[in-house]
Amino acid sequence: MRLLFPLIACLLLLLPRSLSSNYLPSLCHQEERRALMQFKDSFIIKNNSFCEYTEENHPEVASWRMDGNNTNCCVWDGVECNQDTGHVIALNLLRSCLYGSITSNSSLFRLLHLQDLTLVFNDFNHSQIPSEIGNLSSLTYLDLFNSNFSGQIPSEIQYLSKLSSLSLGSLDGYNYLYTKSLTSLVQNLTNLEELALSNINISSTIPESLANLSSLKFLFLDSCGLYGQFPTRIFQLPHLQDLDVRYNKNLTGHLPEFHTNSPLVHLYLGSTNFSGDLPASIGNLNSLTFFDISNCNFSGAIPNSLSNLTQLTLLDLSQNSFNDLSWFTRPSSNAILPQFEMLGLDHLNLTKFPDVLRNQSKLEYLLLRGNNLQGLIPKWMHNVSKDSLQLLYLSNNFLTSFENFPAIIPWPNLKDLLLDNNMMNGSLPIPPPSLQVYVVSNNLFTGRISPFFCNMSSPRELDLSYNHLSGMIHPCFGNLNQTSLSILALRCNNLGGTIPKTWAKGCLLRMLDLSQNQLQGHLPRSLANCTELEYLHVGHNQINDTYPSWLGTLQQLKILVFHSNGFHGAIWSPETNYSFPNLHIIDLSHNHLSGNLPTGYFTQWDAMKSNGVKNLHYLGDWVNYSITMAIKGVELEYKKIHDDLKVIDFSCNRFEGEIPEQVGNLKGLHVLNLSNNAFTGHIPSSFGNLIELESLDLSQNKLFGEIPPELVQLHFLSMFNVSHNGLTGHIPQGQQFGTFENTSFEDNRGLCGRPLSKICGDSNVSPPTFEENQGPRFVFEFGWKVVAMGYGCGFVFGVVIGHIVTTRKPDLVIKIFGKKQRQTRISRVNRRK
Ligand SMILES: *[C@@H]1O[C@H](CO)[C@@H](O)[C@H](O)[C@H]1NC(C)=O
Ligand SMILES: *[C@@H]1O[C@H](CO)[C@@H](O)[C@H](O)[C@H]1NC(C)=O
Ligand SMILES: *[C@@H]1O[C@H](CO)[C@@H](O)[C@H](O)[C@H]1NC(C)=O
Ligand SMILES: *[C@@H]1O[C@H](CO)[C@@H](O)[C@H](O)[C@H]1NC(C)=O
Ligand SMILES: *[C@@H]1O[C@H](CO)[C@@H](O)[C@H](O)[C@H]1NC(C)=O
Ligand SMILES: *[C@@H]1O[C@H](CO)[C@@H](O)[C@H](O)[C@H]1NC(C)=O
Ligand SMILES: *[C@@H]1O[C@H](CO)[C@@H](O)[C@H](O)[C@H]1NC(C)=O
Ligand SMILES: *[C@@H]1O[C@H](CO)[C@@H](O)[C@H](O)[C@H]1NC(C)=O
Ligand SMILES: *[C@@H]1O[C@H](CO)[C@@H](O)[C@H](O)[C@H]1NC(C)=O
Ligand SMILES: *[C@@H]1O[C@H](CO)[C@@H](O)[C@H](O)[C@H]1NC(C)=O
Ligand SMILES: *[C@@H]1O[C@H](CO)[C@@H](O)[C@H](O)[C@H]1NC(C)=O
Ligand SMILES: *[C@@H]1O[C@H](CO)[C@@H](O)[C@H](O)[C@H]1NC(C)=O
């Protein structure tokens with residue numbers, strides 16, 4: 001809202017001009033009209049995420065027609081002509097839904113009088129910016145922000161010597177533009193007031209000559225892969241208001257002495273390698289409103305002069321190495337402290353709630369994670385920005401409780417509360433209805449979950465895991481707002497009773513983790529209404545139910561863990577013809593499931609069939625799970641679940657019959673555990689196709705026949721166990737089989753050959769061997785990590801999905817504030833509409 005006011009004011013000021021009666025539109029030139037029409041016709045009008053057009057809200061080009069009384073292109077939306085000459089001088093197509101390429105023969109380059117070209121938020125389909133852009137020599141304003149161009153920025157831009165504003169940047173990862181030299185691109189653009197290259201791959205140092213662009217007001221070079229020393233003179237440019245060089249981790253630099261009357265308003269240096277002291281002269285930056293130096297290497301003291309910056313509303317000092325924090329505890333008494341809206345104080349080793357907070361009444365966002373805060377959350381804190389506070393992050397401290405008790409969260413408009421990884425005890429603080437994110441995992445909370453939780457009107461994330469909560473899950477939990485609730489995690493408590501049953505159509509739950517409790521009864525069938533469900537973990541409970549094949553209809557389901565419950569009966573092939581298309585991990589171990597595995601069942605598990613996708617995607621871009629597996633008595637942990645990891649664990653059940661040959665088609669499998677069942681028949685030779693397999697456990701079954709020699713092809717196999725079966729014949733030799741020990745094969749009376757001492761009698765049949773030309777591969781190939789288990793919930797078998805950390809980029813908050821100048825730009829464009 002704050003940002004809208006100037007915008008509206010600006011529009012009002014301009015209205016009289018456009019409405020004035022003596023305003024006559026000029027007539028446009030025919031060849032320019034033709035060029036505009038050709039330009040329009042070279043694109044498809046397509047809805048995309050930045051452009052949502054409707055019946056009422058057309059893209060500008062919809063009004064461009066040659067028919068009837070509409071031929072004056074000077075009155076077309078987004079077009080502006082010179083009053084006297086009638087030439088088209090401005091083209092403003094912001095979010096105009098244009099989709100297609102701009103080619104070098106585009107009629108756009110015939111509009112030679114263009115001074116202002118704005119094509120923000122269109123989709124130019126990864127085409128290159130044609131070098132002909134250099135022909136539009138009258139351009140003063142060129143804005144191609146976030147319009148899906150790619151390739152090298154044409155060097156011809158350097159000839160546009162009249163440019164005062166050049167914006168080629170994008171939001172995260174939308175453009176794929178790069179330039180090899182910032183120097184030659186901009187050094188002659190001496191009239192530049194704005195240079196915006198956010199998210200463009202520059203990968204170079206910042207040339208000293210940039211500091212010669214003496215008109216610069218706005219300089220955005222965030223996420224550009226910049227390195228080397230930042231030219232300090234840039235800070236002293238006489239007109240510079242906004243500087244953003246965030247997310248250039250290898251960019252070093254230090255702050256200069258600042259003089260009075262510096263126009264700097266926004267200074268963003270976060271996530272760079274800036275270091276040194278904050279100079280006391282920072283107190284001279286009278287206009288400074290946003291100051292972000294989070295995640296840098298600043299040290300020394302925080303200067304008292306910071307208190308004099310009365311305009312400052314955003315201050316993020318998180319994650320630096322300051323060694324004198326007295327500014328926080330003894331704010332200079334004669335200064336008027338700024339009234340902050342956002343204060344980032346993560347990871348500063350603060351030992352108590354800083355006194356600077358005492359007089360803050362406008363805070364909306366307060367970050368205090370990873371400090372040394374101990375004991376009670378003091379009473380005075382409860383009145384800090386009581387009505388404005390929306391987000392409070394207190395994770396990873398040593399807090400024990402709120403000072404008043406019983407605790408009701410004292411900020412009535414709070415939306416996000418993170419209190420995880422503290423030592424909070426007593427009963428759970430009651431959330432205000434406004435709260436959306438309530439994360440208190442890893443504390444010492446006891447008692448029941450109050451039904452007041454059900455008063456939250458749009459809860460998004462509720463994580464009460466790893467506490468000592470007891471009692472039943474109140475039935476009202478089934479009535480939580482299911483169109484807002486995305487995460488419900490109650491893992492590792494002492495909760496009893498049944499799982500809430502009332503999951504309605506439209507439920508948008510993505511993650512349900514009820515594991516390690518004492519829940520009983522059935523898995524509610526209504527969960528089938530939660531079509532977005534990706535993660536369902538009810539392991540280590542006392543659920544007594546038949547196998548819920550209906551879950552297969554949940555197309556998004558990726559992780560399903562049932563281990564150690566009372567699931568019983570056979571797995572039946574569901575009536576649907578499409579089941580578990582997206583499943584990556586299924587753990588049914590330690591239940592009472594029985595019967596044959598239906599042969600057709602696995603044929604539909606598409607995700608498990610794909611392999612070799614070695615990209616860097618992790619399951620759930622919105623949340624990090626880590627997974628732990630007990631293999632060979634060691635716990636292995638994946639810090640993040642790689643998109644590529646596929647696991648089936650059906651161990652410790654009563655399955656019987658043959659292992660379906662089709663399991664061998666699940667080529668993406670990394671771990672297959674069918675041990676401790678009553679499977680009979682042969683080991684399918686199709687297992688030789690499971691080329692990603694790292695662990696195969698078939699022990700404690702009734703398998704017979706030979707070990708298929710095809711298994712020698714499994715180069716990643718590092719854990720193999722077929723012990724306690726009725727297998728016979730030669731143990732295959734070579735490759736990974738050279739690394740397995742006796743225990744992998746023991747108690748199979750008919751097996752012979754290395755590593756067993758029993759020599760194979762039949763000398764006519766030589767054992768299958770392979771050349772050991774590659775040497776054995778190792779299990780840690782995919783980032784396995786042996787960890788000491790620290791779970792307080794008893795011994796862990798099978799697959800355990802470990803900690804859940806919602807992906808909360810530390811800079812998220814800054815991003816919210818970061819809309820800023822972009823808004824001014826858009827207002828500039830809007831005023832023409
Ligand atoms: C474009 O998308 C928006 C929302 O995504 C939708 O409301 C609108 O009807 C769509 N317009 C057209 C013409 O399809
Ligand atoms: C042309 O303008 C007249 C009067 O302004 C209007 O009535 C008529 O509908 C317009 N014709 C077209 C084709 O837009
Ligand atoms: C977009 O680019 C793709 C790949 O280059 C091409 O196949 C497609 O035709 C292009 N679409 C348009 C509308 O130009
Ligand atoms: C540009 O040239 C290509 C062939 O090189 C042609 O197919 C296309 O129609 C031309 N586009 C325009 C706008 O003239
Ligand atoms: C652009 O300018 C170059 C010379 O500077 C000229 O050769 C070329 O024809 C021009 N292109 C257009 C489309 O006018
Ligand atoms: C930049 O300006 C200098 C001096 O005016 C001139 O010598 C040089 O050729 C120009 N470079 C470009 C790329 O225009
Ligand atoms: C920073 O520099 C190091 C060493 O030169 C390099 O490995 C790393 O990729 C760079 N990081 C970024 C974000 O450019
Ligand atoms: C803050 O400003 C006041 C008045 O302008 C001045 O007396 C004081 O020294 C300043 N404090 C600091 C720490 O710069
Ligand atoms: C944090 O402060 C304590 C004393 O208050 C000190 O012992 C410790 O080294 C500090 N830690 C860091 C990382 O600065
Ligand atoms: C449920 O949440 C949605 C999305 O946040 C919200 O629009 C809706 O008003 C909420 N419903 C109720 C009854 O509060
Ligand atoms: C899904 O929700 C509807 C109400 O929206 C309910 O009637 C239905 O029983 C639910 N489905 C299942 C399988 O329970
Ligand atoms: C599971 O439920 C069935 C009836 O639904 C009951 O007969 C059986 O005893 C229960 N098993 C356990 C272990 O509670």
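Computation of the quantities below employed the complete heavy-atom set of this structure, encompassing side-chain atoms and omitting hydrogens, waters and symmetry-equivalent molecules.
Aromatic pair F453/Y438: ring centres closer than 6.0 Å. In this structure, the ring of F235 has its center less than 6.0 angstrom from the ring center of F230. Here the two rings, on F445 and H468, have centers that are 6.0 Å apart or farther.
To the nearest 0.5 Å, atoms CG (L309) and CZ (F340) are separated by 8.0 Å. Between atom CG of residue N284 and atom CG of residue L264 there is a gap of 11.5 Å, rounded to the nearest 0.5 Å. Here S465 contributes atom OG and L490 contributes atom CG; the two are 6.5 Å apart, rounded to the nearest 0.5 Å.
Between the side chains of N372 and T351, no donor N or O sits under 3.5 Å from an acceptor N or O.
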Side chain to side chain contact (heavy atoms under 4.5 Å, CB included) between I200 and S198, worked out: CA-CA 6 Å; I200 287 177; S198 310; over 6 Å; no
From CA spacing to verdict: side chain to side chain contact (heavy atoms under 4.5 Å, CB included), I473, N493: CA-CA 11 Å; I473 303 175; N493 279 290; over 6 Å; no
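Screening D277, I302, N349 for a side chain to side chain contact (heavy atoms under 4.5 Å, CB included) involving F322 leaves a single residue, I302. Of the residues L317, L363, T313, the one that meets the side chain to side chain contact (heavy atoms under 4.5 Å, CB included) test with L343 is L363.
Looking only at distances, a side-chain donor or acceptor of S434 sits under 3.5 Å from a matching main-chain atom of P412. Under the 3.5 Å distance criterion, the side-chain polar atoms of N371 are matched with a main-chain donor or acceptor of L348. Not one N or O on the side chain of T205 forms a donor-acceptor pair closer than 3.5 Å with the backbone of P207. Formation of a donor-acceptor pair under 3.5 Å by the D244 side chain with backbone atoms of R246 is found in this model. Formation of a donor-acceptor pair under 3.5 Å by the T252 side chain with backbone atoms of F274 is not found in this model.
Classification of the W380-F353 ring pair by plane angle, with boundaries at 30° and 60°, yields perpendicular.
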Mind listing the side-chain donor-acceptor pairs of residues 253-260 below 3.5 Å, one per line with the distance, residues two or more places apart or on another chain?
{"from": "E257", "atom 1": "OE1", "to": "S281", "atom 2": "OG", "distance (Å)": "2.7"}

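For E534 and R510, the salt-bridge test passes: some basic side-chain N is under 4.0 Å from an acidic carboxylate O. The pair R233-E208 meets the salt-bridge criterion, since a charged nitrogen lies less than 4.0 angstrom from a carboxylate oxygen.
The shortest side-chain heavy-atom distance between P378 and E403 falls under the 4.5 Å cut-off.
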